[in-house]
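By convention here, the first residue in the shown sequence is residue 1. Everything numeric here is computed off the predicted structure, so don't read it as measured data.
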Amino acid sequence: MIGSQAELGQLVKLCREHRGLTQDQLARALELSRTAVAHLEQGLRLPEPTALRRLCEHLGLPRVLWEGFIPHDSLYAMAVHVRCRTYFTEGSELSDEEERRVRLVHAIRSGEPWRDGKHVVEDPHAACAKRQRKAFPGLFLNRTFVPVPPPEGDDDQGDAEWPSLRLSRAYAAEGTACRVVTQFRRSRKLRKTKGRPGVADQLATLVLTDAQVFPGVVLVDDVVDRGSTLLACATRLTKLGWRGQVDALVVAYTRTRSEEARDGSAMMLGWDGTWEHPVRSG
């Protein structure tokens, strides 16, 4: 499987040379610039999605090798398709079932065993990975799991303390031909605001650590509330040429009392670049 933009570029170069084509000849056949072909082969930048599709099909590359670099279309400038295993209810006076789910979230965040009644789950991340794969099998084949950085910053904690990184590693181990890439970090601690931080607040502290597009990116976090952090990560990926929706896999979504309580749900988050908070549907 192709694991990075650079590897895809190397494969394109080998196929082009095998067919006896120069970069100019390939570019003219596809009505592209030679620079676009050169940048792809050097792993610097991907062509726009329709051009990349035409190029790979022209060279006869199997679809499974390059389809992860083609984003799905979206109604929004930035969009995240979120899959959630369960829900998470905040507040006091919780039911027994709600308390059970709170304990699950705390176990994921702390790495401590999850006490589910009389049953004790020693590794909550591995257990969560098995349940996520059962619920969303399409997200566990040739995917790149990208952990979302914690809001408090990572300089003091180190990568090993991120709940999202622990989850990403468990997901990759449970999946097939999957990998983990730490593509984001916090340049500083997220500043406190009167309300919940918006997308712009998240962007002010979120930076890329790798200037490559990886195939089949899946953003990983423990809980999604309004989705500002996920949308900020998706916005950063547009700087690398990614245009379209990004997948995300989270353990739980924050549920209000008026929402239906259901497991295995999906939602779409959208942002146009100006709203304080993203829109949410589903």
So, the side chain of [X] versus the backbone of [Y]: is there a donor-acceptor pair under 3.5 Å, distance only?
X: Q42; Y: L44; value: no
X: Q132; Y: V250; value: yes
X: S74; Y: G244; value: no
X: E98; Y: S95; value: yes
X: E7; Y: G3; value: yes
X: R226; Y: G198; value: no
X: Q212; Y: G43; value: no
X: R236; Y: L203; value: yes
X: W242; Y: P71; value: no
X: T209; Y: T182; value: yes

Please report the interatomic distance [atom1]([X]) to [atom2]([Y]), rounded to the nearest 0.5 Å.
X: F69; Y: I2; atom1: CZ; atom2: CD1; value: 7.0 Å
X: D210; Y: R185; atom1: CG; atom2: CZ; value: 12.5 Å
X: L167; Y: D221; atom1: CG; atom2: CG; value: 8.5 Å
X: L21; Y: K13; atom1: CG; atom2: NZ; value: 14.0 Å
X: R169; Y: C178; atom1: CZ; atom2: SG; value: 15.5 Å
X: L52; Y: L8; atom1: CG; atom2: CG; value: 6.0 Å

Heavy-atom side-chain proximity of [X] to [Y] below 4.5 angstrom:
X: L40; Y: L46; answer: yes
X: D272; Y: Y76; answer: no
X: L219; Y: V246; answer: yes
X: R179; Y: P215; answer: yes
X: L231; Y: C233; answer: no
X: F136; Y: L249; answer: yes
X: V120; Y: W114; answer: no
X: Q183; Y: L240; answer: yes

Just jot down the salt bridge (Lys or Arg N to Asp or Glu O under 4.0 Å) partners of E57, sequence neighbours excluded, or say none.
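Salt bridge (Lys or Arg N to Asp or Glu O under 4.0 Å) check on E57 returns nothing, list empty.
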
Using side chain to side chain contact (heavy atoms under 4.5 Å, CB included) as the criterion, point out the one residue from L30, L26, L11 that pairs with L59.
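Per the side chain to side chain contact (heavy atoms under 4.5 Å, CB included) rule, the option paired with L59 is L26, out of L30, L26, L11.
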
Salt-bridge present (K130, E174; N to O < 4.0 Å)
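Looking at K130 and E174, the cut-off is met.
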
Presence of salt bridge, R243 and D73, under 4.0 angstrom
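So D73 does not pair with R243 through a salt bridge.
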
What I want to check is whether the side chains of [X] and [Y] have a donor and an acceptor closer together than 3.5 Å.
X: D24; Y: T22; answer: no
X: H18; Y: R16; answer: no
X: T205; Y: R186; answer: yes
X: Q202; Y: T229; answer: yes

For a side-chain contact (heavy atoms from CB on, under 4.5 Å) check, start with the C-alpha distance between V180 and Y171, then their side-chain angles and the critical distance, and finish with the verdict.
CA-CA 9 Å; V180 178; Y171 293 163; over 6 Å; no

Please report the C-alpha distance between T235 and W271 in whole Å, then the side-chain angles of each, then the deciding distance to 0.1 Å, and finally whether the side-chain contact (heavy atoms from CB on, under 4.5 Å) criterion is met.
CA-CA 9 Å; T235 302; W271 191 58; 3.5 Å; yes

How close do [X] and [Y] get, counting heavy atoms only, and between which atoms?
X: A234; Y: A79; value: CB-O, 4.3 Å
X: M268; Y: Q245; value: CE-OE1, 3.3 Å
X: V213; Y: Q5; value: N-OE1, 2.7 Å
X: Y253; Y: S265; value: CE2-OG, 3.3 Å
X: S228; Y: P197; value: OG-O, 3.2 Å
X: I108; Y: C128; value: CD1-CB, 4.1 Å

Can you establish whether the number of heavy atoms outside L14 located under 6.0 Å from its atom CG is more than 12?
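Buried by this count: over 12 neighbours within 6.0 Å.
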
Run the numbers on V223 and V251 for side-chain contact (heavy atoms from CB on, under 4.5 Å), then give the verdict.
CA-CA 6 Å; V223 175; V251 176; 5.8 Å; no

Under the side-chain hydrogen bond (donor to acceptor under 3.5 Å, both in side chains) rule, collect the residues that match up with R100, sequence neighbours excluded.
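Residues passing side-chain hydrogen bond (donor to acceptor under 3.5 Å, both in side chains) with R100: E97, D116.
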
Worked check of side-chain contact (heavy atoms from CB on, under 4.5 Å) between D222 and S164
CA-CA 6 Å; D222 50 8; S164 58; over 6 Å; no

Looking at Y87, I'd like to know if the NZ or CZ of R101 sits under 6.0 Å from its six-membered ring centre while staying within 45 degrees of the ring's axis.
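Yes; both conditions hold, so R101 lies above the ring face of Y87.
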
Ring-ring centroid check F145 F214, cutoff 6.0 Å
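No - the distance between ring centres of F145 and F214 does not fall below the 6.0 Å cut-off.
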
Is V148 reachable from V207 through a run of hydrophobic residues whose side-chain heavy atoms are each under 4.5 Å from the next?
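The answer is no; the residues belong to distinct hydrophobic clusters.
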
Here's a test for you: under side-chain hydrogen bond (donor to acceptor under 3.5 Å, both in side chains), which of H39, Q25, Q23 qualifies with R34?
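Running side-chain hydrogen bond (donor to acceptor under 3.5 Å, both in side chains) over H39, Q25, Q23 with R34 returns exactly one hit, Q23.
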
